[in-house]
There are 4 protein chains.
Amino acid sequence: MPGGQTERTLSPREIKRRKILRAAIDVFAEKGYFAARMTDVAHRADVADGTLYLYFEGKEHLLVSIFDDMFSTFIQQLQAEIAELSDPLEKLRVMLRLHLQALGRDRALAHVLQIETRHSRRFMNLFTRGRLDEYLGLLRGIIEEGQELGRFRRDIKPGLATKVVFGAVDELVTSWLLADRETRLEAQLPNMMKLLSQGLVPCEMHDVE
Amino acid sequence: MPGGQTERTLSPREIKRRKILRAAIDVFAEKGYFAARMTDVAHRADVADGTLYLYFEGKEHLLVSIFDDMFSTFIQQLQAEIAELSDPLEKLRVMLRLHLQALGRDRALAHVLQIETRHSRRFMNLFTRGRLDEYLGLLRGIIEEGQELGRFRRDIKPGLATKVVFGAVDELVTSWLLADRETRLEAQLPNMMKLLSQGLVPCEMHDVE
Amino acid sequence: MPGGQTERTLSPREIKRRKILRAAIDVFAEKGYFAARMTDVAHRADVADGTLYLYFEGKEHLLVSIFDDMFSTFIQQLQAEIAELSDPLEKLRVMLRLHLQALGRDRALAHVLQIETRHSRRFMNLFTRGRLDEYLGLLRGIIEEGQELGRFRRDIKPGLATKVVFGAVDELVTSWLLADRETRLEAQLPNMMKLLSQGLVPCEMHDVE
Amino acid sequence: MPGGQTERTLSPREIKRRKILRAAIDVFAEKGYFAARMTDVAHRADVADGTLYLYFEGKEHLLVSIFDDMFSTFIQQLQAEIAELSDPLEKLRVMLRLHLQALGRDRALAHVLQIETRHSRRFMNLFTRGRLDEYLGLLRGIIEEGQELGRFRRDIKPGLATKVVFGAVDELVTSWLLADRETRLEAQLPNMMKLLSQGLVPCEMHDVE
DNA sequence: GATGAATGAGTCTTCATTCAT
DNA sequence: AATGAATGAAGACTCATTCAT
């Protein structure tokens, strides 16, 4: 999610902006957003306290910026990779793989995005969910496409399916985060794909249902 | 989830304790845990500020107590209702139904449990997740039982399935909460059960997978 | 201006309120409003920093309250004493005497009212001048009455005369304040009355004018 | 008051100095000295923040310089015009006319001189009053001269008369400023001269006094 | 037990000033 | 000379908690 796709040359301003953002991610992940003090972030970024305010409007904006920056980079990458595929199931798999990879690669970032960024309804309504809708929209698009092509079961509302899929991945990430395992997050992908696509109950018993 | 199964007579102390807890739920839901002030809770409960500390150790303990009280009542009810069933799929359905009912019935409580109670890793590790494990254990037990009885697909790790199911319900609740819909939360149950049990992909295409 | 006319018993709250106000007057007079820190006021009043905010909304409100408290007490006294007189010139004399006495008696208060309370247009428009209008209205009333009775020259606009009289007293106070003299402020009254009532130029030369 | 009597050619440095001073007057008048930020002044003057410090020692010096610059120009003009007159009453009239003209012509400047420049005892003692003494000395000289020549009443202390006259004009200016009238300040001069020279009380009633 | 007035530690933010370029 | 990015000291205010009544 971070790095990689950056242009050859970054302006000095952009470099410092990212240094501060990185410091904020690390500090927020370590101490939590509320316990973190602006001065901690400044020290970690190796700048003066006041400098933070030359790049960000305030503490909350720092948190919002983490979300926005990482998210928009991620969504772009997602769209690029998905565009090249035709099979909806394949698109879904790639989407979830990128999701798990992006977060699995950067534990501190994952912390901030999974937890600190969801600390209140106000914050979620104002920031988290707003951005998340782009992701959910992409996901829903894939599901609807799959239904049209007959690759996905048609008797399930795409809105609900979107929530179930997102909820599943999201919980996977959160429990990986909190359990502090050594497992690679991505390793769970095949199993999860099977479960989501085929369900809990074997086919021959579906009539029972 | 609250009330209902309590004994006939509650001690005056217990009555006031619950009054405070209810006030805390409402205030936390309205303003968010951090923005809520102890004095707000006291006013809502119609007691003096200092009185809160005769019943709870402090602000954080108030939040923990909400979780614990509601959760233990809920888990008890869950176990009682499930014990009477034999079919794992039925158990699962009842479990999720109770989950959705309990939260769908009390929006303020749902707010607190879904959001305020998850505001930091520290809090989740210390309180939220600890209590949640009882719920997750119950869920996992049902899934394992289903696999043993051949009612559930055996090629899926029960740990993963537990997370997927919990993640799905959890997300359902959260999006219901944030969207502020008029929908009854419980109404989504049949659709979700179908999706979880049969998966996204129709049986005849499973080989493709 | 302060004290004197207070009721027999003051509530404990009112006592503490006045203690804080007195501390604020002294601190503002010593260090100036802007240089004064809230913690200075709290220390002087012998209360905790936070206690200030139980009695006043903030630093600015402290300054406004000094003005309002002292001014309303003063205006009341003024009206009471003037009501008993009939001669406009006498009324004027009493008014100015009370003015000079009230401020001459309490140098710190005079400092705050003459200087700190006039630090910006915004503050003057919002607070100082608004209150002052009551005083100016009283003054103007006396002048108009004097003109009607033929005791004061009729060819002078009362609005202008009001300003001239107020400006003269006000400047007298300010220069007394800044010169840090030992003179009693009140001692200047007879001279000033003569000047205001008879003017700079002897009568026999008025035609020259 | 500004410009006018300056030499034909100003050094580039002096030009920029004045540009900054003008910017400071406007910004201080608009936002008040304390609320004004150095960066506001720099922007208004169309120079970089740091440049201000190549011309002025700091924010306070900017305010002092406004006072000094404008005042010394004013005093010079005053002395020149008065020197040509012989009648003390005429001198007084010219002095007050110039005073009212100078401020009436430049509202922003008047703001700064009447209000911002008097924000604290420290500032007044250190700067405002010090410069003002030149003005007051001039005024006092005229009054004493008038008394010697028998044109002014001898039974009034010149010090007091000076204060009364200055206070009257000063208040006139301040109330003109705050009332935000459309009146020309200077228009009040004749009336004020009459009041100051002949007093409030008609001659035939002076014995009453 | 209940009260609620008092406490005081804790922190985000502003902005005058500096100095490397 | 001019720039403007960076600095960092400083302080008003909040609010969880206590404790004398």
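Just so it is clear, the values below take in all heavy atoms, side chains as well, and ignore hydrogens, waters and symmetry mates. Letters go in sequence order (proteins before strands), and every chain restarts at 1. Nothing here was measured: the structure is a model prediction, and the numbers come from that model.
Considering only heavy atoms from C-beta on, His111(B) comes within 4.5 Å of Leu177(B) through its side chain.
Note on Phe34(B): nothing from the nucleic acid sits closer than 4.0 angstrom, heavy atoms only. Within the 4.0 angstrom heavy-atom criterion, base atoms lie near Gly50(D). Residue Ala42(A) is out of contact with every strand shown, counting any heavy-atom pair closer than 4.0 Å. Using a 4.0 Å heavy-atom cutoff across all strands shown, Ala35(B) reaches no nucleic acid atom at all. Across all strands, Phe56(B) comes closer than 4.0 Å to no nucleic acid atom at all (heavy-atom distances).
Note that CZ of Arg122(A) is 4.0 Å distant from CD of Glu60(A), once rounded to the nearest 0.5 Å. Atom CZ in Arg17(D) sits 13.5 Å away from atom CG in Leu54(D) (nearest 0.5 Å). We find the NZ-OG1 distance between Lys16(D) and Thr51(D) to be 6.0 Å, quoted to the nearest 0.5 Å. Arg118(C) contributes atom CZ, which lies 7.0 Å from atom CZ of Arg129(C) (distance to the nearest 0.5 angstrom).
Note: CZ (Arg37(C)) to P (dA12(F)) measures 8 Å, nearest angstrom. The OH atom of Tyr55(D) sits 9 Å away from the C1' atom of dA2(F) (whole-angstrom rounding). Ile15(D) places its CD1 atom 12 Å from the P atom of dA2(F), with the value rounded to the nearest Å. The CD-P distance, from Glu57(C) to dT14(F), rounds to 10 Å in whole Å. Across the protein-nucleic acid pair, His43(C) atom NE2 and dA12(F) atom P stand 13 Å apart, rounded to whole Å. The distance from atom CE of Met38(C) to atom C1' of dA10(F) is 15 Å, rounded to the nearest whole Å. Atom-to-atom, OH of Tyr33(C) to C1' of dA12(F) comes out at 10 Å; the value is rounded to the nearest Å. If you measure from atom NZ of Lys19(D) to atom C1' of dA2(F), you get 12 Å, rounded to the nearest angstrom.
Across the interface with DNA chain E, nearest-nucleotide mapping of Ala36(A) and Arg13(B) shows Arg13(B) to be the residue nearer the 5′ end. Each of Leu54(C) and Leu54(D) was assigned the nucleotide of DNA chain F with the nearest heavy atom; the assignment lying further toward the 5' end belongs to Leu54(D). The 5' end of DNA chain E is approached more closely, in terms of each residue's nearest nucleotide, by Asp49(A) than by the other of Tyr53(D) and Asp49(A).
Distances shown here put a side-chain N or O of Lys16(D) below 4.0 Å from the OP1 or OP2 atom of dA2(F).
Other residues, nucleotides and ligands contribute at most 12 non-hydrogen atoms within 6.0 Å of the CD atom of Glu57(D).
The aromatic rings of Phe123(A) and Phe127(A) sit tilted, their planes meeting at an angle between 30° and 60°.
Direction change of the helix axis from one end of the helix from dA2(E)-dT21(F) to dT21(E)-dA2(F) to the other is 10°, with five pairs defining each end axis (rounded to 10°).
When Ile25(B), Asp106(B), Asp26(B) are each tested for a side-chain contact (heavy atoms from CB on, under 4.5 Å) with Val112(B), only one passes: Ile25(B).
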Checking His119(D) against Phe34(C) for the ring pair (Phe, Tyr, Trp, His ring centres under 6.0 Å) test, could you report, in this order, the C-alpha distance in whole Å, the side-chain angles of both residues, the deciding distance, and whether it holds? CA-CA 9 Å; His119(D) 61 242; Phe34(C) 285 100; 7.1 Å; no
Please determine whether side-chain contact (heavy atoms from CB on, under 4.5 Å) holds for the pair Leu21(D) and Phe56(D), giving the CA-CA distance in whole Å, both sets of side-chain angles, and the decisive distance to 0.1 Å. CA-CA 9 Å; Leu21(D) 229 33; Phe56(D) 301 93; 3.5 Å; yes
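Boundaries of the chain D contact region on DNA chain E are dC15(E) to dT18(E), first to last in 5' to 3' order (nucleotide atom under 4.0 Å from a heavy atom).
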